[in-house]
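Everything on this sheet refers to the single structure shown next.
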2 protein chains.
Amino acid sequence: MDQDRPLWLRIVEQFRQKIRSGELPPGARLPSRPEIMRDFGVSDAVAKQVARVLISEGLAVAKPGSGTYVRERPQLRRLIRAWYRATRAGSPFAAEMESQGRRAAWDYDSRTEQASEHIRERLRLDEPAGDEIDVLRTEYVFYADGEPVMLSTSYEPLDLTRGTAVVMPEEGPHAGRGVAERMLAIGHPIVDWIETVGARLGSAEECARLHQPPGSVLLTIERIYESQTRVVETADLVVPADLFLLVYSGRMGAEG
Amino acid sequence: MDQDRPLWLRIVEQFRQKIRSGELPPGARLPSRPEIMRDFGVSDAVAKQVARVLISEGLAVAKPGSGTYVRERPQLRRLIRAWYRATRAGSPFAAEMESQGRRAAWDYDSRTEQASEHIRERLRLDEPAGDEIDVLRTEYVFYADGEPVMLSTSYEPLDLTRGTAVVMPEEGPHAGRGVAERMLAIGHPIVDWIETVGARLGSAEECARLHQPPGSVLLTIERIYESQTRVVETADLVVPADLFLLVYSGRMGAEG
DNA sequence: TCGAATTTGTGCGTATGTATC
DNA sequence: GGATACATACGCACAAATTCG
């Protein structure tokens, strides 16, 4: 009788299989805890464990007072991260979302501050003199069709932009047109980009801000933009791995 | 007394804070279940929940019969995925690992088969005639310092390589030298590459093969290599997000 | 070598609060 | 309001693995 594998695992596998095969389609209701206890002849602890595992695997969502349901999986969208920069003008995010038939929007909040040591290294800035304010930090939330899909924190060295028309990313003649266009406008065209991609579980706060269940997997991107002589911007981007794939492409032997 | 947040969460946060701050360094032993029950005056269920959450967050590992310990975090290594292709010869993986002072090795298993519809699309192959065998599939496990760090499944169209000295990736004069060099040898130099990056929780089997705890976050890469006229190889790569960051870089306006 | 103590994993039973329907 | 469902919390028992005298 006892097949050595835990009771809860054997039940989880049955549900996994039914969900993967489509027998339990997205939105379908899973048996309640009392029903699982009755159907499989197990205790409440096992029924709880089954639900917990399916939820942590991202296969199900629990709705208190209602039931546990097979998770609706949004279609994976692609974020093209290499070639478009050369071909698109304006906001890359908006252009890409609209090319996929989705409405793009974003919130932002800019403020000047003294760079942390970590950010100073990424921007290759000198040590600040005393309390000197040396960077502009902008926090973004990007939306597609009204749903938040990406968080971003951008840093720009103030000594580049101070006194120009593009100090504030989302104000003035170049508002909402992207870093590349703004830096070009003040004579610092971006020539090199570096993106360092990682992944991790999101914090409770990040998941809430992205309207994702707690503990969702996030893709993280550390982006660096360089002109011929300077790092002109760096940013930390975060997107739910359930929403996007990142697409990089290039030509063999094409510099780097 | 009751601050609205669950009891287990408040205890989890204390441990999280102690781990993050270094008060509980990697390898340190966390209190056992009975100790937590005593120290915090809570039930066994809460003590179990605390351990479960810390483990699922990747902050701790449980050793049955011994205790629960703060997880040892290997230093994050970078996998350079853009520029090196032009500058390195031989196995890119080996070159990169050795440049980081690590010993590289790999296992492989090649076999011919009929491509699935999905792989056929990626390789842009025509429908096979009947039972025709049309691809060579090679499963790799890559090791750094003896530890498995990357899984890869590679597909090559057999009509390109059949009858040449490079049919088998790991045999003949170009054994272990990488796809690019082998394809060049038969007159199909790779000119374009596309990598689609995602992330997800690993299956139990994947985590075991990578010597990672169950439920670890994995980075996935779908790679496509194209010559001037053909898709010459495609591969699915999987690496633990706790071990590697992927670095992509390029030049603005440089083709794509 | 053996055995006792400890620790985690699994499993059972019960109770209360709160959200949904 | 009442029934249902999930989240939280308490208590207990046993098996398997580890540790250590």
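Lettering of chains follows the sequences in order, A, B, ..., and the numbering in each one begins at 1. Just so we're clear, the structure is a prediction, and the values are computed from it rather than from any experiment.
Spacing between atom CG of Leu7(B) and atom P of dG11(D) amounts to 12 Å, rounded to whole angstrom units. Atoms CZ (Arg5(A)) and P (dG9(C)) sit 19 Å apart, rounded to a whole Å. Regarding Arg10(B), its CZ atom lies at a distance of 11 Å from the C1' atom of dT8(D), rounded to whole Å. Regarding Lys48(B), its NZ atom lies at a distance of 14 Å from the P atom of dG13(C), rounded to whole Å. Rounded to whole angstrom, the span from the CH2 atom of Trp8(B) across to the C1' atom of dC10(D) amounts to 17 Å. Atom CD1 of Ile55(B) is separated from atom P of dT8(C) by 9 Å (rounded to the nearest Å). Atom CD1 of Ile36(B) and atom C1' of dA9(D) are 15 Å apart (whole Å). Between Asp39(B) atom CG and dT7(C) atom P the separation is 12 Å, expressed in whole Å.
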Step by step, would you call Arg103(B) with Glu98(B) a salt bridge (charged side-chain N to carboxylate O under 4.0 Å, His left out)? CA-CA 6 Å; Arg103(B) 192 164 35 84; Glu98(B) 276 151 24; over 6 Å; no
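Within the 3.5 Å criterion, the main-chain N or O of Ile11(B) finds no donor-acceptor partner in the side chain of Gln14(B). A side-chain donor-acceptor contact under 3.5 Å links Arg10(A) to the backbone of Arg5(A). Counting only distance, with no hydrogens or angles, the side chain of Ser216(A) and the backbone of Gln212(A) share no donor-acceptor pair below 3.5 Å.
Contact check on Arg71(A) versus Asp242(A) returns a salt bridge, with a Lys/Arg side-chain nitrogen under 4.0 Å from an Asp/Glu carboxylate oxygen. Using a 4.0 Å cut-off between a side-chain N of Lys or Arg and a carboxylate O of Asp or Glu, Arg209(A) and Glu205(A) qualify as a salt bridge. One finds no salt bridge joining Glu35(B) and Arg33(B) here, because no Lys/Arg side-chain nitrogen approaches an Asp/Glu carboxylate oxygen to under 4.0 Å.
Listed here is the closest heavy atom pair of Val135(A) and Ala115(A): CG1-CB, 3.6 Å. Val42(A) and Ala47(A) make their closest contact through CG2-N, 4.5 Å (heavy atoms, listed as atom of the first residue, atom of the second, distance).
Mapping Val42(B) and Ala51(A) onto DNA chain D by nearest heavy atom places Ala51(A) closer to the 5' end of the strand. Both Glu35(B) and Asp44(B) lie close to DNA chain C; mapped to their nearest nucleotides by heavy-atom distance, the more 5′-ward contact belongs to Glu35(B). Along DNA chain D, the nucleotide closest to Met37(B) and the one closest to Gln49(B) are compared, and the more 5′ of them pairs with Gln49(B).
The stretch residues 201-209 of chain A does not touch DNA chain C, since none of its heavy atoms comes less than 4.0 Å from the strand. Of the residues in residues 57-72 of chain B, those placing a heavy atom less than 4.0 Å from an atom of DNA chain D are Pro64(B), Gly65(B), Ser66(B), in numerical order. Contacts with DNA chain D (heavy atom under 4.0 Å) in residues 23-33 of chain A: Arg29(A), Ser32(A), Arg33(A), listed by number.
For Ser154(A) and Glu233(A), the side-chain atoms include at least one donor-acceptor pair closer than 3.5 Å.
Under the 30°/60° scheme for interplanar angles, the aromatic rings of Trp193(B) and Tyr248(B) are found to lie parallel.
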